[in-house]
Amino acid sequence: MSDHTVKSYDDDLASLKQMLAQMGGLAEEQLANAIDAIAKRDTKLADRVIAGDEKIDALEHQIEEKSILTIAKRQPMAQDLRQIIVAIRISADLERIGDLAKNTAKRTHAISEQMPRKLVSGLTRMGNLAQEQLKNILDAYARNDADKAILVWRSDEDIDALYNSIFRELLTYMMEDPRMIGPCTHLLFGTKNMERIGDHTTNIAENIYFLVHGKAITEERPKKDSTSTTNYNLTT
Amino acid sequence: MDASTRTPTLSHNPRILAERETKIVAHDVNVYYGEKHAIKDLSIDIPDRAVSAFIGPSGCGKSTFLRSINRMNDTIPSCRVTGDILVDGKNIYDRDLDVVQLRARVGMVFQKPNPFPKSIFENVAYGPRIHGIAKSKADLEEIVVSSLKKASLFDEVKDRLDHSGTSLSGGQQQRLCIARAIAVNPEIILMDEPCSALDPIASARIEELIDEIRQNYCIIIVTHSMQQAARVSQLTAFFHLGDLVEFGDTDEMFTTPKDKRTQDYITGRFG
Ligand SMILES: Nc1ncnc2c1ncn2[C@@H]1O[C@H](COP(=O)(O)OP(=O)(O)O)[C@@H](O)[C@H]1O
Ligand SMILES: [Mg+2]
């Protein structure tokens with residue numbers, strides 16, 4: 001899109017986008033480290049993730065302030081206004097993603113050294129998928145690429161499907177060995193965190209679509225997390 | 001006139017046009033000042049009982065088209081208008097049309113408030129008197145009071161109707177001009193940048209006034225304030241270099257304009 005007559009208006013919007021890119025980068029890093037920390041039961045790394053969340057929170061506030069100031073100064077219209085509203089919304093999703101990474105990292109402390117490695121592999125797979133989705137959606141945002149956003153939005157199904165299978169897997173371990181109930185519960189919550197990160201990523205996808213097209217995605221996305229309605233016969 | 005021959009200029013299909021009766025139909029209108037081609041093949045339907053805003057860069061022809069709706073362009077010797085402009089289905093450029101009568105039906109408010117150097121009362125009473133609208137002195141007084149009330153000026157001037165119109169503040173003068181326009185029972189009110197000489201509070205009062213009276217008139221407002229157009233109008237027309245580029249529901253024009261030129265203009269990207 002061509003430039004504004006008032007140059008500093010372009011600077012305002014560019015710096016908003018830049019802050020968001022920075023926030024996205026931090027969220028990616030936090031997520032990667034959280035997955036790593038829990039997989040390797042690296043409590044030092046986990047603590048770094050926990051401490052690092054502050055930076056993401058601070059950026060969210062900066063984006064909010066910059067947005068409000070830009071609206072007040074420029075009275076943005078059309079795509080410019082959407083750019084700002086969408087920045088506010090995406091920063092809220094990134095902030096939540098940061099929280100979920102932090103929450104996952106925290107669980108590293110609760111999982112004992114002796115836990116069989118294979119138990120963590122499900123969470124790692126989920127985490128990698130969530131990470132990839134996040135990377136793709138940040139890429140789509142940087143390029144205003146609504147088509148790519150839609151692809152990410154559709155592929156949230158994969159995360160949901162994987163979550164459902166890991167949920168069953170962990171339940172099976174717990175039934176086989178009740179001593180595993182403690183760590184498996186943490187892994188289950190961690191896995192659920194990844195599923196929710198996937199949901200925030202789809203929110204971001206919807207916002208990118210809205211930013212570009214000025215309307216909501218109308219397509220119906222197939223649903224998805226069936227674990228809340230799954231029955232397990234624990235006696236068998 | 002055969003509607004099917006009309007060049008489509010609507011990028012949107014304005015909902016408001018479907019809901020309201022059409023008051024003004026312009027068909028293939030061209031306006032020239034000598035060699036200068038100021039309005040090019042313009043076709044538009046303007047609804048009754050709604051506010052339509054004309055926006056666009058200076059010199060794009062907003063005032064020219066506005067003036068062609070009450071044949072004010074007739075007073076400019078070099079100016080030539082072709083095409084049809086119909087009000088309630090009647091071509092206002094027909095030979096048998098009484099221009100004085102037309103201007104009573106199509107009132108106009110200008111950028112600079114221009115009250116007559118007469119009393120507030122006389123400013124409003126003038127029109128009804130020359131058009132023979134008032135049957136008696138009491139009737140005339142009634143018209144003046146109700147017009148001042150409709151223009152939300154009455155409370156401020158009721159104790160000094162004999163004071164000169166020019167003694168009022170800019171905002172009050174502009175409302176006096178609106179009262180003067182309303183006094184002859186117009187059907188259409190044309191406003192050419194009515195707030196550009198006013199401070200923000202006086203502008204807000206004019207906007208409020210437009211909002212109050214819009215149910216009863218077909219109002220067209222030319223404005224340079226995008227925010228004002230977005231606030232007061234239901235339809236917006238974007239002009240550029242004599243072309244009507246896009247005409248649609250105001251809500252859509254300011255959120256999802258279809259034409260790149262409209263988008264660039266409303267977002268402040270016009271070079
Ligand atoms: N009386 C006139 N004589 C010659 N040219 C005119 C006259 N009035 C307007 N124009 C020209 O016609 C074009 C449209 O002007 P106008 O309708 O006043 O634009 P706007 O109201 O959108 O600023 C401009 O190029 C302007 O210079
Ligand atoms: Mg003008």
Side-chain angles (χ1 to χ4, degrees), chain A residues 1-18 20 66-90 140-147 149-150 153 205-219, chain B residues 10-15 53-60 195-196 199-201 203-204 207 221-241 245-271:
Chain A
M1 187 175 275
S2 51
D3 291 345
H4 285 96
T5 309
V6 180
K7 270 264 138 321
S8 55
Y9 189 177
D10 288 329
D11 298 342
D12 285 345
L13 292 178
S15 85
L16 208 49
K17 194 136 194 169
Q18 152 68 25
L20 217 59
K66 182 80 189 173
S67 299
I68 288 171
L69 190 61
T70 307
I71 291 172
K73 272 202 298 193
R74 314 287 183 193
Q75 280 123 48
M77 289 280 192
Q79 168 126 20
D80 294 335
L81 182 55
R82 284 198 293 282
Q83 184 83 51
I84 296 171
I85 300 297
V86 160
I88 297 171
R89 290 201 200 136
I90 292 180
Y141 175 69
R143 294 161 197 223
N144 286 337
D145 187 342
D147 293 340
I150 290 238
W153 185 77
E206 283 164 11
N207 276 301
I208 294 169
Y209 188 91
F210 172 69
L211 168 65
V212 174
H213 295 294
K215 57 182 184 205
I217 303 179
T218 42
E219 186 178 322
Chain B
L10 301 182
S11 301
H12 296 103
N13 213 351
R15 277 185 303 271
F54 289 177
I55 61 168
S58 282
C60 65
C195 298
S196 61
D199 68 57
I201 291 170
S203 300
E207 287 181 23
I221 180 172
V222 171
T223 174
H224 274 130
S225 161
M226 236 76 73
Q227 276 73 26
Q228 180 170 69
R231 286 190 299 262
V232 301
S233 73
Q234 289 76 53
L235 280 156
T236 298
F238 171 63
F239 291 74
H240 184 235
L241 301 173
V245 171
E246 188 166 349
F247 180 51
D249 288 308
T250 295
D251 291 353
E252 285 180 28
M253 289 285 283
F254 288 104
T255 53
T256 47
K258 298 280 184 283
D259 193 284
K260 171 99 170 44
R261 289 166 291 175
T262 316
Q263 162 111 344
D264 281 352
Y265 182 69
I266 64 162
T267 58
R269 287 178 166 88
F270 246 43

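Quick note: numbers below take in every heavy atom, side chains included, and nothing from hydrogens, waters or symmetry partners. The structure presented is a predicted model; accordingly, all values stated were derived computationally and were not measured. Numbers restart at 1 for each chain; the letters A, B, ... are given by sequence-line order, proteins then strands.
- Although no hydrogens or angles enter the test, the distance criterion places a donor-acceptor pair under 3.5 Å between the side chain of B:Gln227 and the main chain of A:Gln75.
- In this structure, A:Met77 CE and B:Thr255 OG1 are separated by 10.0 Å, a value rounded to the nearest 0.5 Å.
- Within 6.0 Å of NZ in A:Lys7 there are more than 12 heavy atoms belonging to other residues, nucleotides or ligands.
- In this structure, B:Arg269 and A:Asp80 have side chains that are in contact, with non-hydrogen atoms separated by less than 4.5 Å.
- Atom CG of B:Asp264 is separated from atom NE2 of A:His4 by 9.0 Å, given to the nearest 0.5 angstrom.
- With values rounded to the nearest 0.5 angstrom, A:His213 atom NE2 is found 12.5 Å from B:Thr256 atom OG1.
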